[in-house]
Amino acid sequence: MTYDAGMFIDTFEHEYTWLNGFMRNVRRFSGKVSLIDPETDRLWTYQALNCEANKLANALQASGIQKNDVVMIALRNSPEFCFSYIAPRKIGAILLASNFNLAGGEFASLIEHNKPKIIIYSADIALAISEAQKISRFQPKKFIMADNAENAPLPEGHISYEDFVKFASTEEPKINFRPHIYDEVLRLCSSGTTSLPKSIPINDINEVLSAHDVIMHYPLNENDVTMNMTPWFHRGGCHSGGPCPTFYAGATAVIMRKFQPANALEWVSKYKITFLMGSPPNLLFLYRAQKKSNFNLKSLKGLITMGAPLSKSECIRYMEALTPNIFNGYGTTETFWNSFLRPYNLPDGAGSVGPACIDDEVRVVRIFDGKKAEPTDCVPPDNQSEGEIIIHAPAKSTFTYIGKEEFAREKFYKGWFYTGDIGVWNENFIVTVRGRKDDMIITSAENIYPEQVEKALNEHPKVEDSIVVGVPDKIRGQAVAAYIVAKDKSLSISELFDFCTKNQNLAIYKRPRYFALIDELPKTATGKKRRNILKMQAAEDLENGKLRKD
């Protein structure tokens, strides 16, 4: 060192936190609107939002929640999601943001793995949460029902959110530790190969730098109004125009619980929304609704989508009907977004993932049997040679999973994340995704691993074995299709649909939409399923009616 770095290190490591950024906005924008809930006609200033977060933080603390304890939420986009996003970090706890679409058995597995002390959930999923409570081997201290607009009855032993925070102080909670930028503050879930999703820790500096990424790429400032039409529990939902960058920048967030295209467009006009985020299917529905109703969308500065590339023709349609400023991001839960097509890249750059983000690097490396390519072992940039896409995003990743060290070593190597996506790149290092190294199915931006669905199907007493693949779907991108070998020849497709509908280990979006009964599954000489064979013929089988809905 050429100077005394002690004060810089101490200040940076303990004070450069997301919460300190939020509290700056509470002080300088105290009377400014931070949050709008159109469905209940409520809004919160930054001062009011902080008071609500303090009430929850103090209530959690009074319930025994301490530093590094896990608070789990299974919430739709809602005021309580925002309060929960802020409150746990005020007392050093970790927020686990769960997919609210899970079935009871899936929730139970998540609870057993992460061991949350408290669960806060949306009233409309009370049945699945109650089922999880019955079968989970780990029991949280409290189950709190929130966002209960319909006044649904409380399950036995649960408490309403309003009653939980009723007598809590709005003052800042007292703590006995110094926050640190490497503290885990958020835990997100990515789809797993079983019913247990991978739990991905996000530390405080990841939060700050993810917010900075959005702030500089949109760009986003305190005068903006954001609305993410996708669930906030996703990395793209939380960090792309969700609570993380919006409250860090001092902007305003508009809540959308369930995507309804006409409502989304009406709220853009009513609340002067400047940045609107959604998946490609969301954009398609917005386009159709706008063609019918022609809402005033002049306030829009950007329409951001992630989860799948847009085609050139789609871009042109959306640019003409919605806004000329389309953004298309590519990334993962582990690394946020890492390539970004900006308005000046489109529509000509459509189909690719665009140039890497400012602080990131994206490469395409060779694929070897039995060993991992080095980060420098790249395929030629000729737009033809295929390889695995890898990502370097040191600002936005902790390079690990909770309780899955071996899997972490497989996916993270020398500071790079090995995505499992197959792609090519050109002389300008612009990457285009060609498919998956594994067999993951992506439907409406949700990741589905076939093994979990196959395991559930094989529990049917009349099923001998199954292979699950994705088939093209104009709305969802892909739909789930299942090839079934029957143990009992009386098995019908109607029975399979009924079985999946009642299965507590299959979320709705994971259930097959199409089935085919076949005599045998293609397998290798060693008995491994040759899923690629059925993947190749599935689209044709769908077209000729071999894959059927009923």
Side-chain angles (χ1 to χ4, degrees), residues 35-44 48-49 52-53 55-56 59-60 71-85 87 95-108 110-111 116 118-134 136 140 142-168 227-234 237-238 242-243 253-267 270-271 278 282 285 289 444 446 501-502 504 506-509 511:
L35 186 64
I36 299 171
D37 185 2
E39 292 182 38
T40 61
D41 197 26
R42 292 179 295 169
L43 57 80
W44 291 260
L49 176 59
E52 291 294 342
K55 287 172 67 175
L56 177 55
L60 291 170
V71 175
M72 175 176 164
I73 60 172
L75 290 168
R76 295 187 181 276
N77 300 355
S78 59
E80 291 86 353
F81 190 110
C82 297
F83 309 154
S84 301
Y85 189 79
L95 177 68
L96 168 63
S98 166
N99 186 339
F100 53 74
N101 288 314
L102 299 181
E106 293 174 307
F107 275 125
L110 200 63
I111 292 168
I118 282 178
I119 295 179
I120 306 173
Y121 65 91
S122 289
D124 62 350
I125 63 164
L127 189 61
I129 294 293
S130 297
E131 182 65 25
Q133 183 181 10
K134 290 177 188 174
S136 174
K142 282 186 170 65
F143 287 82
I144 302 167
M145 179 192 280
D147 201 29
N148 191 4
E150 303 299 324
N151 294 315
L154 274 169
E156 185 177 354
H158 294 202
I159 185 173
S160 72
Y161 183 90
E162 291 75 17
D163 285 343
F164 181 67
V165 302
K166 189 172 184 179
F167 300 109
M227 185 169 73
N228 200 312
M229 299 175 290
T230 66
W232 285 338
F233 66 76
H234 285 298
C238 177
V254 177
I255 297 168
M256 172 161 270
R257 289 170 178 78
K258 296 180 182 179
F259 174 64
Q260 295 177 306
N263 281 355
L265 295 172
E266 179 186 346
W267 295 347
K270 181 176 180 179
Y271 300 110
N282 294 146
F285 284 114
S444 295
E446 295 282 2
T501 300
K502 296 176 180 177
Q504 283 295 317
L506 277 185
I508 292 173
Y509 67 88
R511 296 170 189 167

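Note that these values count all heavy atoms, side chains included, but never hydrogens, waters or copies made by symmetry. Each residue takes its place number in the sequence, starting with 1.
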(request) Take Y85 and W232 through the test side-chain contact (heavy atoms from CB on, under 4.5 Å) and record every step on the way to the result. (result) CA-CA 10 Å; Y85 189 79; W232 285 338; over 6 Å; no
(request) For the pair M145 and Y121, evaluate side-chain contact (heavy atoms from CB on, under 4.5 Å) and give the outcome as yes or no after the intermediate values. (result) CA-CA 5 Å; M145 179 192 280; Y121 65 91; 3.6 Å; yes
(request) Starting from the C-alpha separation in whole Å, work towards a yes-or-no answer on side-chain contact (heavy atoms from CB on, under 4.5 Å) for K258 and D124. (result) CA-CA 12 Å; K258 296 180 182 179; D124 62 350; 4.0 Å; yes
(message) What verdict does the side-chain contact (heavy atoms from CB on, under 4.5 Å) test give for W44 and F83, after you've listed the backbone C-alpha separation in whole Å, the side-chain angles of each residue and the deciding distance to 0.1 Å?
(response) CA-CA 11 Å; W44 291 260; F83 309 154; 3.8 Å; yes
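Between atom OG of residue S78 and atom CG of residue N148 there is a gap of 11.5 Å, rounded to the nearest 0.5 Å. The structure places CD of E52 at 11.0 Å from OG of S84, a figure rounded to the nearest 0.5 Å. For the atom pair N99 CG and F107 CZ, the distance stands at 7.0 Å (nearest 0.5 Å). The structure places CG of D163 at 10.5 Å from CD1 of I144, a figure rounded to the nearest 0.5 Å. Separating the CG atom in N228 from the CG atom in N77 is a distance of 7.0 Å, to the nearest 0.5 Å. R76 contributes atom CZ, which lies 8.0 Å from atom CD1 of I125 (distance to the nearest 0.5 angstrom).
Listed here is the closest heavy atom pair of A289 and P261: CB-CB, 4.0 Å. Residues I36 and Y271 come closest through the heavy atom pair CG2-CE2, 3.7 Å. Of all heavy-atom pairs spanning A146 and E80, the tightest one is CB-CG, 3.7 Å. Residues Q260 and M256 share a closest heavy-atom pair of O-CE, 3.8 Å. Between C82 and L35, the closest heavy-atom pair is SG-CD1, 3.7 Å. Smallest separation of non-hydrogen atoms from P243 and G237: CD-O, 4.4 Å.
Of the possible donor and acceptor atoms, one in the side chain of S130 sits under 3.5 Å from a partner among the backbone N and O of A126. Counting only distance, with no hydrogens or angles, the side chain of E106 and the backbone of A507 share a donor-acceptor pair below 3.5 Å.
A heavy-atom distance below 4.5 Å is found between the side chains of I111 and M72. In this structure, the side chains of L75 and S122 come closer than 4.5 Å at one or more pairs of heavy atoms.
Ring geometry, F143 versus H158: the interplanar angle falls under 30°, so the pair is classed parallel (tilted spans 30 to 60°).
Partner of E446 under the side chain to side chain contact (heavy atoms under 4.5 Å, CB included) criterion, out of I508, T230, N101: N101 alone.
Counting heavy atoms of neighbouring residues, nucleotides and ligands inside a 6.0 Å radius, atom CD1 of I159 exceeds 12 of them.
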